[in-house]
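Structure record follows, encoded as structure tokens.
We count ligands from 1, going down the list as the structure has it; atoms in each ligand are counted the same way.
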Amino acid sequence: MFGHEDALAYGIGWVYEEGRSDVKDVVGDYPAVYGWELGHLELGNPFSLDSVHFDKIRDWIILVYERGGVNTISWHLRNPLTGGTAWDTSSDEVVKSILPGGRKHELFKQYLNRLAEFFKQLKTDDGTYVPVLFRPFHEHTGSWFWWGENLCTEEEYEALWHFTVDYLQQEKDIHHVLYAYSTDRFETLDEYLERYPGDEIVDMLGFDLYDRGPGYRKTLLNCAELVSGLAQEKEKIAAVTETGGPISNNTQWWTQLLETLKPFDLSYVLVWRNPWEEADHGAFAPYKGSPDATNFVEFYNDPETLFQEEITKKNLYE
Ligand code: BMA
């Protein structure tokens, strides 16, 4: 399945246009997987760090489910110890401070309460809870988020996962959320599993990997091979949970991606957002008039890729 972050919210040159998606502008069909970002929900704010309103995100998640698509949620939550952003790595005591006994534990519980409140709103008119894939504390093999490798111990990271999942399941009675473990780049399975919180709480195995130069395809192939093999062994689902490349310079990017990933049993590959605003990156999905559009159509037409229309026919939720 092909996925796109914030697919229905905005794209290059537009914000909040009903029914629109940059991917749809190019191929006439929506992605099969839709990524959503909940950063700043924990603050009680009405909109995300990317300025998308949470009530709209809620409605889109329900809409996507009703047409048979898949929703996945990331969370660039603020630093509960310093009050800074998710990228504030000024302290290596943040994870410790929010675990039971820590001085920010109650604040973290408030963050989780707000998250739980949002999850509980993901319900259709007939009262069915909408299943979502939640992918917290991601890219933890790097050290750019406060939960990253050099910012907490293995035990602390795993405890953070356990506390979060237990709290949502046991205290908040939330059972329509699946959990995705999602590292950044890695070379070996030992590295991948170094901070793995355990088969009993993780449903999906993924990794994030961006194309930042010539080593990309080789690294992608290695990561995809290792994660899909591990998922098979563990009877879990594997995915490329985030990627994106220089699609305006390399107009063959999509078919190269497909060629690299084809041999592996992967559930989806999601590309990150097409910022509507000035951001530190450009579009990761094609948009009306983008130079990679022809190549993306080829990617779309390949029998191995699935988009919304085919997913609807497959009735994933039946
Ligand atoms: C990053 C960038 C940021 C954004 C964040 C959360 O990769 O796209 O601009 O705020 O993701 O969506």
Sequence neighbours left out, what passes side-chain hydrogen bond (donor to acceptor under 3.5 Å, both in side chains) with K120? Give chain and number order.
-> none

Select all protein residues for which some heavy-atom-to-ligand 1 distance is less than 4.0 Å, and list them by chain and number.
-> E37, L49, D50, H76, W87, W272, R273, H281

Can you give each donor-acceptor pair under 3.5 Å made by side-chain atoms of residues 219-231, sequence neighbours left out, with the distance rounded to 0.1 Å?
from: T219; atom 1: OG1; to: G215; atom 2: O; distance (Å): 2.9
from: N222; atom 1: ND2; to: E187; atom 2: O; distance (Å): 3.1
from: S228; atom 1: OG; to: A224; atom 2: O; distance (Å): 2.6
from: S228; atom 1: OG; to: E225; atom 2: O; distance (Å): 3.3

After noting the C-alpha distance and the side-chain angles of T82 and D88, does the key distance pass the side chain to side chain donor-acceptor pair (under 3.5 Å) rule?
-> CA-CA 8 Å; T82 65; D88 177 358; 2.6 Å; yes

List the atom of F2, the atom of F307, and the distance in Å for their closest heavy-atom pair.
-> CD2-CE2, 3.4 Å

In terms of side-chain heavy atoms, does H140 have a donor or acceptor partner in Y157 at a distance below 3.5 Å?
-> yes

Within residues 127-143 or reaching into it, pairs that qualify as salt bridge (Lys or Arg N to Asp or Glu O under 4.0 Å) - sequence neighbours excluded = R135-D208, R135-E242

